[in-house]
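Reading through the structure tokens given below for one structure.
Counting from 1, the numbers follow the sequence of the chain as shown.
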Amino acid sequence: MRKTRLQDIIGVLTFAVIMVSIPWERLQGHPFVDRQQYLYHFSYEESIFHYLDLRGFLDYFFNEALWEYLVRSLIHTIGVPIDIVFLAISLLCLITFAFFLTQRHNVFSIVLLCNPLLVTFAFDQLRLALAYSLILIGYMVRRPLIAAILVAFALFIHSSIIIFVGAYFAIKKINNVVNRDGGRHFATYAILCIMALAVSIAIGPLRAPILGYFGDRRASLVGSLNNSLVYTSFWIGLLGLFALQPKAFLRDEVNAYSVFILAVTAANLLTGGYTLRFLSIGLPMIISSMLSLSLATRFWAVLFFFIYAMFQWSYWIGLTL
């Protein structure tokens, strides 16, 4: 991590302020779906604490009770307008993602975050955006007690965080074992891909049985979770590019994490897992990994990323081919 400079702070805050000032829903042509559901739930629906009998750890975990308690307390007890609460979550997400990149590279790397994935994540998937922002802050703070507290909070805000936290610790263990035993770069890469396939199967074909076993209310939910080969082709190509990097590349746990996210993306084409969620969460790590490539390779990776982003924006605002 680089030492934080004044220009980094100014750049991060400027980026966040510009992003929240843009009327994204108007540009997209329709309201954010998840945001509208949260608005309706906290404005008109009864609290889950009134009709659910929450008794143990798993009840609070699967019903993400901290999210319910936190938002309702801010809105109905303290009196903070719901739009301000949601705006604060979006700002936290944008600042956290941008700060992560400036710490690993420089303030100019923030430009690469101007992507529909981040817009949808920060302004629509508010619950997951809040939970993962806490995780990323805990990672950057590097103090075990603070990190543990933030992880605990995040787990009770969005239960899927357990996948990303578990993946992080698995990656640390894989790197320690492979490096200690003098393993090759391909061994780490292959293990990460196998781990990603297992996760993809768990959130795809096995999603309903697993959630149903624990009594999760979302076990019966269905929807279009898959994405086309055309949309994910860039990310699959990037996964292949990372396989060609020297051994030292995957010793960086952020790069290894990027490979895991991209491998889940590739596997989801077959299993039907929720690709966009993984890509949104992994965006700052994937960008950081691209910027960690050699100069020539980095140039082409970033160039194709910009070209691909243009197609993403076209698709996002409804200009489909």
Side-chain angles (χ1 to χ4, degrees), residues 34 37-38 41-42 47-49 52-74 85-86 88-90 92-93 95-97 99-100 121-122 124-174 195-196 198-204 206-219 221 225 253-254 256-257 260-261 264 273-274 276-285:
D34 287 354
Q37 291 179 347
Y38 291 138
H41 173 68
F42 289 112
S47 170
I48 64 170
F49 297 113
L52 291 179
D53 184 18
L54 305 180
R55 296 186 177 184
F57 174 87
L58 289 179
D59 287 341
Y60 284 94
F61 173 72
F62 282 113
N63 287 283
E64 289 129 345
L66 183 57
W67 166 255
E68 182 80 9
Y69 176 79
L70 178 64
V71 177
R72 284 197 181 273
S73 296
L74 289 171
V85 174
F86 289 170
I89 294 173
S90 298
L92 178 65
C93 178
I95 290 172
T96 303
F97 276 33
F99 193 74
F100 173 83
F121 188 66
D124 190 23
Q125 298 174 355
L126 295 163
R127 186 160 54 92
L128 186 54
L130 174 59
Y132 198 74
S133 295
L134 295 179
I135 294 296
L136 204 53
I137 291 170
Y139 174 78
M140 292 188 289
V141 168
R142 297 285 185 168
R143 297 193 177 182
L145 179 59
I146 296 176
I149 293 173
L150 292 174
V151 168
F153 285 166
L155 286 171
F156 287 93
I157 291 173
H158 204 297
S159 56
S160 70
I161 285 296
I162 195 171
I163 296 174
F164 305 101
V165 174
Y168 169 73
F169 285 108
I171 287 168
K172 287 184 70 70
K173 184 64 175 179
I174 291 169
M195 184 173 75
V199 169
S200 180
I201 292 173
I203 64 175
L206 298 183
R207 176 174 177 267
I210 292 174
L211 292 179
Y213 175 81
F214 289 104
D216 193 298
R217 67 190 187 281
R218 295 159 298 185
L221 296 181
L225 302 179
E253 59 195 21
V254 171
Y257 200 88
F260 166 74
I261 294 293
V264 171
Y274 201 163
L276 294 182
R277 177 171 294 176
F278 278 83
L279 287 176
S280 300
I281 282 177
L283 186 63
M285 279 68 75

Search all heavy atoms of [X] against all heavy atoms of [Y] and return the closest pair with its distance.
| X | Y | answer |
| --- | --- | --- |
| Gly138 | Ala147 | O-CB, 3.7 Å |
| Ile48 | Ala65 | CD1-CA, 4.5 Å |
| Met195 | Ala170 | SD-CB, 3.5 Å |
| Leu128 | Ser160 | CD1-OG, 3.8 Å |
| Ser90 | Ala122 | OG-O, 2.7 Å |

Given side chains that start at C-beta, do those of [X] and [Y] come closer than 4.5 Å, heavy atoms only?
| X | Y | value |
| --- | --- | --- |
| Leu92 | Ile137 | yes |
| Ile203 | Arg277 | no |
| Val199 | Phe260 | yes |
| Phe100 | Met285 | yes |

How long is the straight-line distance from [atom2] of [Y] back to [atom1] of [X], given to the nearest 0.5 Å?
| X | Y | atom1 | atom2 | value |
| --- | --- | --- | --- | --- |
| Leu279 | Leu276 | CG | CG | 6.5 Å |
| Ile281 | Ile163 | CD1 | CD1 | 8.5 Å |
| Leu66 | Ile157 | CG | CD1 | 4.5 Å |
| Leu74 | Phe86 | CG | CZ | 10.5 Å |
| Tyr38 | Arg127 | OH | CZ | 4.0 Å |
| Tyr139 | Leu150 | OH | CG | 15.0 Å |

With Arg72 via salt bridge (Lys or Arg N to Asp or Glu O under 4.0 Å) - residues at least two apart =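 Residues passing salt bridge (Lys or Arg N to Asp or Glu O under 4.0 Å) with Arg72: Glu68.
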
Qualifying salt bridge (Lys or Arg N to Asp or Glu O under 4.0 Å) pairs, either residue in residues 159-172, two or more places apart |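 Sorted pair list: Lys172-Glu253.
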
Run the ring-ring contact (aromatic ring centres under 6.0 Å, His included) test against [X] and tell me which residues pass, sequence neighbours left out.
| X | result |
| --- | --- |
| Tyr257 | none |
| Phe156 | Phe57 |
| Phe278 | Phe164 |

Checking [X] side chain against [Y] main chain: does a donor-acceptor pair fall under 3.5 Å?
| X | Y | result |
| --- | --- | --- |
| Asp34 | Gln125 | no |
| Ser200 | Ala196 | no |
| Glu64 | His158 | no |

Apply the test side-chain contact (heavy atoms from CB on, under 4.5 Å) to residues Trp67 and Leu130: give CA-CA distance (whole Å), side-chain angles for both, the deciding distance (0.1 Å), then the verdict.
-> CA-CA 9 Å; Trp67 166 255; Leu130 174 59; 4.0 Å; yes

Run the numbers on Leu70 and Phe153 for side-chain contact (heavy atoms from CB on, under 4.5 Å), then give the verdict.
-> CA-CA 10 Å; Leu70 178 64; Phe153 285 166; over 6 Å; no

Please identify each residue that fulfils side-chain contact (heavy atoms from CB on, under 4.5 Å) with Ile135, with sequence neighbours left out.
->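 side-chain contact (heavy atoms from CB on, under 4.5 Å) check on Ile135 returns Tyr132, Val151, Ala154, Ile161, Val165.
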
Could you tell me whether Tyr69 atom OH has more than 12 heavy atoms of other residues or ligands within 6.0 Å of it?
->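 Atom OH in Tyr69 is not packed in, count stays at 12 or less.
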
